[in-house]
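In what follows, chains carry the letters A, B, and so on, assigned in the order in which the sequence lines appear, proteins first and then strands, with residues in each chain numbered from 1.
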2 protein chains.
Amino acid sequence: MHAFCVSNSAALPADGVLAVSRVRLRKGETLVRAGEAFAALYAVRSGTCKSVLVTPDGQEQIVDCHIAGDIVGTDGIATGEHDCAIAALEDSELCVLPFDHLEALARASNEFQRNLHALLSREIRRERKTMLILGTMRAEQRLAAFLLDLADRYAARGYSATEVVLRMTREDIGRHLGMKLETVSRLFSRFDQEGLIRVHGREVKLVDRDALHQLVQSATQ
Amino acid sequence: MHAFCVSNSAALPADGVLAVSRVRLRKGETLVRAGEAFAALYAVRSGTCKSVLVTPDGQEQIVDCHIAGDIVGTDGIATGEHDCAIAALEDSELCVLPFDHLEALARASNEFQRNLHALLSREIRRERKTMLILGTMRAEQRLAAFLLDLADRYAARGYSATEVVLRMTREDIGRHLGMKLETVSRLFSRFDQEGLIRVHGREVKLVDRDALHQLVQSATQ
DNA sequence: CGTAAGTTTGACTTACATCAAGTTTTGTGG
DNA sequence: CCACAAAACTTGATGTAAGTCAAACTTACG
């Protein structure tokens with residue numbers, strides 16, 4: 001519940017009020033499937049999950065990758081059915097936040113309400129940023145943006161801003177950034193050669209964050 | 001307020017309760033700019049608007065295009081500042097929905113609250129669908145998906161499901177779908193030749209919706 | 001009515017995809 | 001703990017969808 005509780009700690013003795021239950025997922029397991037009934041949001045406690053949207057013809061878009069502190073499942077509120085699947089990229093633990101409880105708390109507390117709304121709005125902003133990345137950037141810029149975003153999110157949770165361990169395969173990264181796994185692999189190799197990062201399999205060290213930033217912001221032409 | 005009020009009509013005599021004010025925008029005018037303080041959502045009453053996100057280097061992503069009945073401005077809730085600009089594509093009129101009023105109403109009514117949350121969640125879903133389009137589809141599929149979505153939205157409001165008048169330029173469409181205006185133009189011409197649509201400038205008639213649907217769902221390779 | 005903005009179309013270039021082969025890592029059962 | 005199969009990754013050669021540059025045409029508007 002981090003992102004949520006932390007920012008709510010004054011108004012929300014959440015674990016108590018919410019009578020939170022937990023779910024454990026093993027690597028590869030699915031928390032929710034597209035079409036399943038919506039009843040709760042989930043807070044990632046530990047591990048990493050992905051939200052996946054699938055086309056009728058089986059193409060997958062990895063909409064986002066979630067780490068400890070993130071809240072997932074917001075797509076279900078609209079219709080009472082999830083349309084995104086959520087799956088664990090490694091063994092993970094999540095808190096179940098029954099949505100009617102959240103709504104009751106939001107009616108009772110202005111501050112809790114505002115935090116709930118801010119949570120949903122942040123999701124909207126985050127997705128718009130991803131749309132910007134997909135719509136305007138070249139492959140190398142997308143990958144640089146992805147690495148910086150991931151590192152920043154770890155940093156915001158007290159971990160290193162320069163060393164990240166990817167939980168996604170090259171293929172998953174490709175399915176998130178709209179490119180093929182070969183392109184992801186080639187770019188990792190090139191960034192390594194150019195001294196922007198240091199890659200050992202899934203371990204990536206951001207050697208030159210400034211250069212990565214510049215790359216992201218360089219005109220795409 | 002359509003989308004919102006219509007679905008809320010039972011619980012929400014909105015115009016009365018909200019003491020709604022109106023804004024008129026001339027074609028090209030901006031309702032909010034990135035960085036401006038957030039105070040309200042806006043319901044499109046008539047006309048068409050776009051939400052635009054800009055990169056540091058000036059590249060634009062048109063995040064969405066809004067028609068009568070849509071609610072805009074949700075990105076501002078998160079931080080109290082908008083990060084998306086909103087501009088009119090033609091002369092338009094919008095209702096101002098002060099957000100603290102909406103929150104007060106949501107605390108008072110379960111039904112209103114649920115509708116507000118559904119509104120935000122629908123936005124999340126809609127953006128994820130756009131991410132899917134940008135991340136997995138080729139240019140022709142993206143354009144077909146765009147046309148079908150627009151026509152469906154007009155149809156849901158009682159207009160024709162086969163005749164749409166585009167308010168965006170080819171360049172704007174390109175900036176929404178992640179392609180160049182020349183590509184948009186070429187695809188319009190090709191779709192016309194192939195009998196999928198009939199184009200006269202900004203007027204587009206969807207001649208063969210089934211074929212367009214099939215095109216969207218054909219494997220991208 | 002004239003100028004600017006928007007659009008179309010063609011010729012050429014390029015970023016990324018595809019196909020293919022070989023290497024490394026991971027995970028599982030003996 | 002090793003063996004070995006499957007999954008993941010890397011790298012090269014080649015193909016292609018879409019971008020770029022350029023010029024002419026059309027539409028909108030002050």
Separation of A:Asp172 atom CG from D:dA8 atom P, in whole Å? 8 Å

Whole angstroms only, please: what is the CD-C1' distance between A:Glu182 and C:dT23? 15 Å

Under 4.0 Å: is that the gap between some side-chain N or O of A:Arg170 and OP1 or OP2 of D:dT10? yes

Do the rings of B:His117 and A:Phe99 sit parallel, tilted or perpendicular, given the 30° and 60° boundaries? perpendicular

Separation of atom CD in A:Glu203 from atom P in D:dA8, rounded to whole Å: 18 Å

Please check the phosphate of D:dA7 (OP1 and OP2 only) for any side-chain N or O of A:Thr169 closer than 4.0 Å. no

Checking side-chain polar atoms at under 3.5 Å, does B:Thr79 have a donor or acceptor matched by the opposite partner on A:Arg125? yes

Separation of B:Lys180 atom NZ from C:dT7 atom C1', in whole Å? 16 Å

Can you find a side chain N or O atom of A:Lys27 that sits less than 4.0 Å from OP1 or OP2 on C:dG27? yes

Any side-chain N or O of B:Thr183 below 4.0 angstrom from OP1/OP2 of D:dG19? yes

Output the rounded distance in Å from CG (B:Leu143) to C1' (D:dA18). 14 Å

Relative to the ring of A:Tyr159, is the ring of A:Tyr154 parallel (under 30°), tilted (30 to 60°) or perpendicular (over 60°)? perpendicular

Distance check needed: C:dT8 P versus B:Phe188 CZ, whole Å only. 8 Å

Answer yes or no: does a side-chain N or O of B:Arg186 lie under 4.0 Å from OP1 or OP2 of D:dG19? no

What is the distance from CG of A:Leu177 to P of C:dA15, rounded to the nearest Å? 18 Å

Think A:Ser189 has a side-chain N or O under 4.0 angstrom from the OP1 or OP2 of D:dT11? yes

Whole Å only: how far is the CD atom of A:Glu140 from the P atom of C:dT14? 15 Å

Using heavy atoms to find the nearest nucleotide of DNA chain C for A:Met179 and A:Arg202 separately, return the residue whose nucleotide is more 5′. A:Met179

Within the supplied structure, the quantity of interest is the number of heavy atoms (other residues, nucleotides, ligands) at a distance under 6.0 Å from A:Arg33 CZ; does it exceed 12? no

Qualifying residue, where the test is side-chain hydrogen bond (donor to acceptor under 3.5 Å, both in side chains) with B:Asp192 and the options are B:His200, B:Lys205, B:Arg198: B:Arg198

At under 4.0 Å between heavy atoms, what does B:Gly178 touch on the DNA or RNA strands: base, sugar-phosphate, or nothing? sugar-phosphate

